Amino acid sequence: MKILLQRVKHAEVRVKENVVGKINQGLLLFFCAEKGDTKENSLWLAKKCSKLKLFQDENNKTTMNINQIKGELLIISQFTLAASCKKGNKANYSHAAPPEQAKELYNHFINTCQSLCEKKIQTGIFGSYMQVSLINDGPKTLLLSKTTIPKNNRINCV
């Protein structure tokens, strides 16, 4: 499971020219479920996102998390974070979770974030073609991942 996290001053997502999610100061989270991911991965990443100290206090020190600044979250599904570009010039998405499993994990991540964060969470629409616009704050962008090792302890590479 991967989260591409961006600290933003503003972000919004449109589907068919309609704004379906919009936030001011906070975090834009692009969510990707991969094969083998579990709800435990989702829980771990949601807790991490809610506790990361990414915002400045009154002394301009980066010591505050999303709840401490009363910030907002916009969560977008983004299966392309599972891409492998090791061979050739075409991205391979075979590591992405199947759509049914990915949607279940995406919804679990959203619900978990909602329980951990004080503000209502905004989202895109799973599986839709979306247009995302944002104003980075910093910029500050992090790639977080949490993977589950298969039971046979082997990781298959493309």
Side-chain angles (χ1 to χ4, degrees), residues 1-55 64-67 69-148 158:
M1 192 170 291
K2 293 179 182 170
I3 302 288
L4 181 68
L5 174 153
Q6 293 185 296
R7 187 177 72 181
V8 297
K9 289 185 181 257
H10 173 83
E12 70 178 35
V13 58
R14 293 175 179 266
V15 174
K16 296 181 181 175
E17 299 303 317
N18 298 314
V19 175
V20 297
K22 180 178 176 179
I23 64 168
N24 289 307
Q25 184 182 24
L27 298 174
L28 171 59
L29 306 175
F30 292 100
F31 174 92
C32 176
E34 297 177 292
K35 289 179 181 171
D37 283 338
T38 64
K39 288 183 178 179
E40 288 76 23
N41 298 111
S42 175
L43 174 64
W44 186 89
L45 281 167
K47 286 180 179 178
K48 181 62 74 176
C49 289
S50 71
K51 293 179 181 179
L52 278 172
K53 297 184 183 305
L54 297 170
F55 299 93
M64 301 182 82
N65 65 40
I66 191 75
N67 286 320
I69 64 144
K70 308 251 187 284
E72 300 174 296
L73 290 180
L74 174 57
I75 304 171
I76 308 290
S77 60
Q78 182 77 34
F79 82 94
T80 60
L81 288 172
S84 173
C85 298
K86 290 181 181 179
K87 293 183 180 178
N89 296 317
K90 186 176 179 187
N92 178 326
Y93 302 107
S94 63
H95 291 291
E100 319 78 54
Q101 178 193 14
K103 186 172 185 178
E104 180 182 340
L105 291 169
Y106 173 68
N107 288 329
H108 183 267
F109 180 77
I110 291 166
N111 292 334
T112 304
C113 285
Q114 188 62 69
S115 71
L116 296 169
C117 296
E118 296 173 11
K119 293 263 188 159
K120 185 173 186 296
I121 292 173
Q122 299 288 303
T123 66
I125 298 175
F126 184 89
S128 295
Y129 181 84
M130 295 177 272
Q131 296 172 324
V132 181
S133 60
L134 64 124
I135 299 173
N136 267 317
D137 184 13
K140 190 166 277 203
T141 302
L142 305 174
L143 180 60
L144 308 174
S145 68
K146 177 73 173 169
T147 57
T148 301
V158 177

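This is a predicted model, so every value here is computed, not measured.
Applying the side-chain hydrogen bond (donor to acceptor under 3.5 Å, both in side chains) criterion to Ser42, with sequence neighbours excluded, gives His108. With sequence neighbours left out, the salt bridge (charged side-chain N to carboxylate O under 4.0 Å, His left out) criterion links Lys39 to Glu104. Residues forming a ring pair (Phe, Tyr, Trp, His ring centres under 6.0 Å) with Phe30 (at least two apart in sequence, or on another chain): none. Considering only residues two or more places apart in sequence or on other chains, Lys90 meets the side chain to side chain contact (heavy atoms under 4.5 Å, CB included) condition with none of them. For Lys119, the side chain to side chain contact (heavy atoms under 4.5 Å, CB included) partners at least two apart in sequence or on another chain are Lys70, Glu72.
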Assess whether side-chain contact (heavy atoms from CB on, under 4.5 Å) is satisfied between Phe31 and Ile110, documenting all intermediate values. CA-CA 10 Å; Phe31 174 92; Ile110 291 166; over 6 Å; no
Checking Leu5 against Leu54 for the side-chain contact (heavy atoms from CB on, under 4.5 Å) test, could you report, in this order, the C-alpha distance in whole Å, the side-chain angles of both residues, the deciding distance, and whether it holds? CA-CA 10 Å; Leu5 174 153; Leu54 297 170; 3.5 Å; yes
Apply side-chain contact (heavy atoms from CB on, under 4.5 Å) to Ile66 and Cys49, showing your working. CA-CA 8 Å; Ile66 191 75; Cys49 289; over 6 Å; no
Which is it for Lys48 and Leu144 under the side-chain contact (heavy atoms from CB on, under 4.5 Å) test, yes or no, and what are the steps along the way? CA-CA 9 Å; Lys48 181 62 74 176; Leu144 308 174; 4.3 Å; yes
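The distance from atom CG of Leu52 to atom NZ of Lys140, rounded to the nearest 0.5 Å, is 10.0 Å. If you take CG on Asn41 and OG on Ser145, they are separated by 9.5 Å, rounding to the nearest 0.5 Å. Of the inter-residue distances, the one linking Glu118 atom CD with Asn67 atom CG reads 4.5 Å to the nearest 0.5 angstrom. Atom CG of Leu43 is separated from atom SG of Cys113 by 9.5 Å, given to the nearest 0.5 angstrom. A distance of 8.5 Å separates NZ of Lys146 from OG1 of Thr38, quoted to the nearest 0.5 Å. Within the model, atoms CD1 of Ile23 and CG of Leu28 stand 6.0 Å from one another, a figure rounded to the nearest 0.5 Å.
With Glu34 contributing its side chain and Lys2 its backbone, the two residues share no donor-acceptor pair below 3.5 Å. A donor-acceptor pair under 3.5 Å is absent between the side-chain atoms of His10 and the main chain of Gln25, judged by distance alone. Counting only distance, with no hydrogens or angles, the side chain of Gln101 and the backbone of Ala33 share no donor-acceptor pair below 3.5 Å.
Scanning all heavy atoms of the two residues, the minimum distance from Ala83 to Tyr93 falls at CB-CE2, 3.5 Å. In plain terms, the two heavy atoms of Arg7 and Leu27 that are nearest each other are CA-CD2, 3.9 Å. The nearest pair of heavy atoms linking Gln122 to Lys22 is CG-O, 3.3 Å. Nearest approach of Ala96 to Lys35, heavy atoms of both residues: O-CG, 3.5 Å.
Counting heavy-atom neighbours within 6.0 Å of Lys53 NZ, excluding the residue itself, gives a total above 12. By the neighbour-count criterion of 12 heavy atoms within 6.0 Å, atom NZ of Lys103 is sparsely surrounded, having that number or fewer from other residues, nucleotides or ligands.
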Using atom types as modelled, flag every donor-acceptor pair under 3.5 Å from a side chain in residues 123-138 to any protein atom, sequence neighbours excluded.
unit_1 : atom_1 : unit_2 : atom_2 : d
Ser128 : OG     : Ile125 : O      : 3.4

